[in-house]
Amino acid sequence: MDFDAMFNAQLGALKEEGNYRIFAELERRCGQFPRAKSHDDDAPDEVTVWCSNDYLGMGQHPVVRQAMKDAIDSCGTGAGGTRNISGTNHHHVALERELADLHGKEDALLFTSGYVSNWAALSTLGSRLPDAVILSDALNHASMIEGIRHSRAQKVIWKHNDPEDLDRKLAALPANAPKIVAFESVYSMDGDICPMAEIVEVAEKHGAMTYLDEVHAVGLYGPRGGGLSEREGLADRITLIEGTLGKAFGCMGGYIAGSPALCDFIRSFASGFIFTTALPPAVAAAAQASIAHLKVSQIERAQQRRQVARMRAMLDARGIPHMENPSHIIPVPIKDPVKCRMLADILMRDYGIYVQPINYPTVPKGTERLRFTPGPLHTDADIDRVVEALDVLWKQCAIAHAVA
Ligand SMILES: *Cc1c(COP(=O)(O)O)cnc(C)c1O
């Protein structure tokens with residue numbers, strides 16, 4: 001059997017469609033974010049990153065770096081084991097308290113990533129609650145989909161952000177079945193935001209528990225960075241809030257927050273929690289410092305909002321289309337995988353602007369896009385440059401269309 005030939009056949013098909021993924025090799029420059037050194041031949045030495053999920057630049061914040069360094073110097077590098085066998089460090093417990101407080105919950109539980117937290121929590125809830133049914137928003141993240149699949153529980157998909165469809169689907173289920181409504185607050189590909197109050201209303205009406213992924217909202221929304229559930233005053237009505245430490249908090253790891261019984265249940269039964277080495281204590285310490293900082297500091301959030309609004313206004317002024325949404329994410333639709341890749345390549349090569357093309361299967365075919373995430377550390381001049389570059393490329397595309 002020629003396994004490599006089998007691998008290459010499928011990779012070839014991806015390349016043919018324009019959906020083959022190419023990673024940019026960067027070296028993040030601490031203190032100069034969003035600037036990074038590029039190690040690619042077809043890019044300038046220094047590039048500006050426009051697609052980072054380190055939304056607020058907390059990955060280079062002095063307070064966060066110092067917390068990580070201090071913890072390395074006091075605890076060393078790794079955790080030394082699973083949480084069960086010698087891996088539970090004081091920093092993990094302190095971080096869980098910080099997270100519970102962030103969401104106004106009694107308890108929280110850490111995981112090695114947001115992906116793992118969704119996968120582990122949903123697969124445990126779905127498999128351990130007898131006759132559970134999981135009602136999943138049609139655009140939920142892969143980590144939730146995989147968790148639900150692994151649980152083997154009955155799954156019902158409801159129309160994206162449509163509480164009426166959710167209501168109909170809940171009503172069709174047996175009254176006594178445990179029901180879990182799984183959804184996100186900010187959907188990162190379109191940047192749209194869920195109608196949380198209506199969804200909670202419908203779930204409560206049917207006695208369903210609510211499972212909310214706030215990965216793209218924690219740190220960014222709410223007066224303390226507790227996400228959209230905090231901003232909307234709904235956190236106490238959400239059964240389980242899931243988040244990441246890897247995006248706005250600038251570190252790594254994932255978590256759930258909820259009641260002590262819920263967290264204890266997942267802690268006791270989730271294989272994805274039990275059988276894997278705990279996060280390095282230094283990562284936990286840094287994440288805690290980042291969360292604590294963003295609980296009180298509004299500067300980062302305010303400046304991010306300003307830069308997002310500024311970029312949108314400038315795109316409008318030049319007639320460059322972008323998907324309207326109430327979040328910090330600016331998707332610019334290209335609608336073709338090859339063109340999308342090509343535009344990203346030109347931006348990188350000629351302008352040192354790094355924006356990753358978003359292609360299938362991350363988004364449906366025909367909806368390919370460039371996705372910009374302006375942050376507090378992008379300067380006005382950075383925004384001017386990126387809009388100027390897009391304007392030039394847009395006009396070239398328009399001319400190419402006219403000639404063809
Ligand atoms: C990135 C992401 C995750 C996974 O979080 P990680 O910490 O990166 O593993 C979960 N849900 C959504 C919606 C995400 O975008």
Side-chain angles (χ1 to χ4, degrees), residues 21 23 28 51-56 58-59 64 92 95-96 99 102-103 108-125 134 136-150 157 160-161 180-194 196 199 210-221 225 227-229 238 240-257 266 270 272-273 276-280 283-284 286-288 290-291 325 327-331 356 358-359 361-363 369 371-373 375:
R21 288 166 191 251
F23 301 156
R28 302 184 79 193
C51 51
S52 179
N53 285 336
D54 183 358
Y55 291 126
L56 301 176
M58 294 306 285
V64 181
H92 297 127
L95 173 55
E96 286 172 341
L99 287 164
L102 175 67
H103 294 294
L109 190 67
L110 269 179
F111 296 83
T112 46
S113 75
Y115 186 103
V116 172
S117 64
N118 271 333
W119 183 83
L122 280 167
S123 59
T124 303
L125 290 167
I134 303 178
S136 179
D137 182 285
L139 292 189
N140 273 345
H141 188 257
S143 54
M144 285 199 267
I145 295 169
E146 289 299 330
I148 296 165
R149 194 205 312 266
H150 186 73
I157 295 173
H160 176 57
N161 277 350
I180 302 162
V181 175
F183 61 113
E184 300 179 25
S185 53
V186 178
Y187 288 82
S188 72
M189 289 305 138
D190 291 352
D192 55 336
I193 288 177
C194 75
M196 198 180 298
I199 292 170
T210 37
Y211 185 112
L212 176 63
D213 177 321
E214 287 254 46
V215 160
H216 289 279
V218 288
L220 305 178
Y221 298 89
L228 280 152
S229 55
I238 304 283
L240 182 157
I241 296 172
E242 183 271 345
T244 184
L245 307 170
K247 292 174 181 168
F249 293 129
C251 297
M252 186 180 182
Y255 64 90
I256 59 167
I266 306 295
F273 174 81
T276 188
T277 300
L279 285 175
V283 172
Q288 191 188 350
S290 182
I291 295 161
N325 68 52
S327 78
H328 59 285
I329 292 162
I330 307 181
Q356 189 67 26
I358 309 279
N359 285 356
T362 310
V363 295
R369 66 199 65 177
R371 176 180 166 277
F372 295 87
T373 55

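As the structure is a computational prediction, the values presented were derived from the model and not from experiment. Each ligand, and each atom within it, is numbered from 1 in the order the structure gives.
When each of Leu139, Ile193, Asp137, Asp190 is paired with Asn161, the side-chain contact (heavy atoms from CB on, under 4.5 Å) condition holds for Asp137 and for no other.
Taking every heavy atom of both residues into account, Leu95 and Leu110 meet most closely at CD2-CD2, 3.6 Å. Closest approach of Thr244 to Phe249, counting heavy atoms only: O-CD1, 3.5 Å. Ile199 and Cys194 make their closest contact through CD1-CB, 4.0 Å (heavy atoms, listed as atom of the first residue, atom of the second, distance).
Protein residues with any heavy atom under 4.0 Å from ligand 1: Ser113, Gly114, Tyr115, Asn118, His141, Ser143, Glu184, Asp213, Val215, His216, Thr244, Lys247, Gly253.
Residues satisfying the salt bridge (charged side-chain N to carboxylate O under 4.0 Å, His left out) criterion with Asp192, sequence neighbours excluded, are absent altogether.
Checked by atom type, the side-chain pair Ser52/Asp54 shows no donor-acceptor distance below 3.5 Å.
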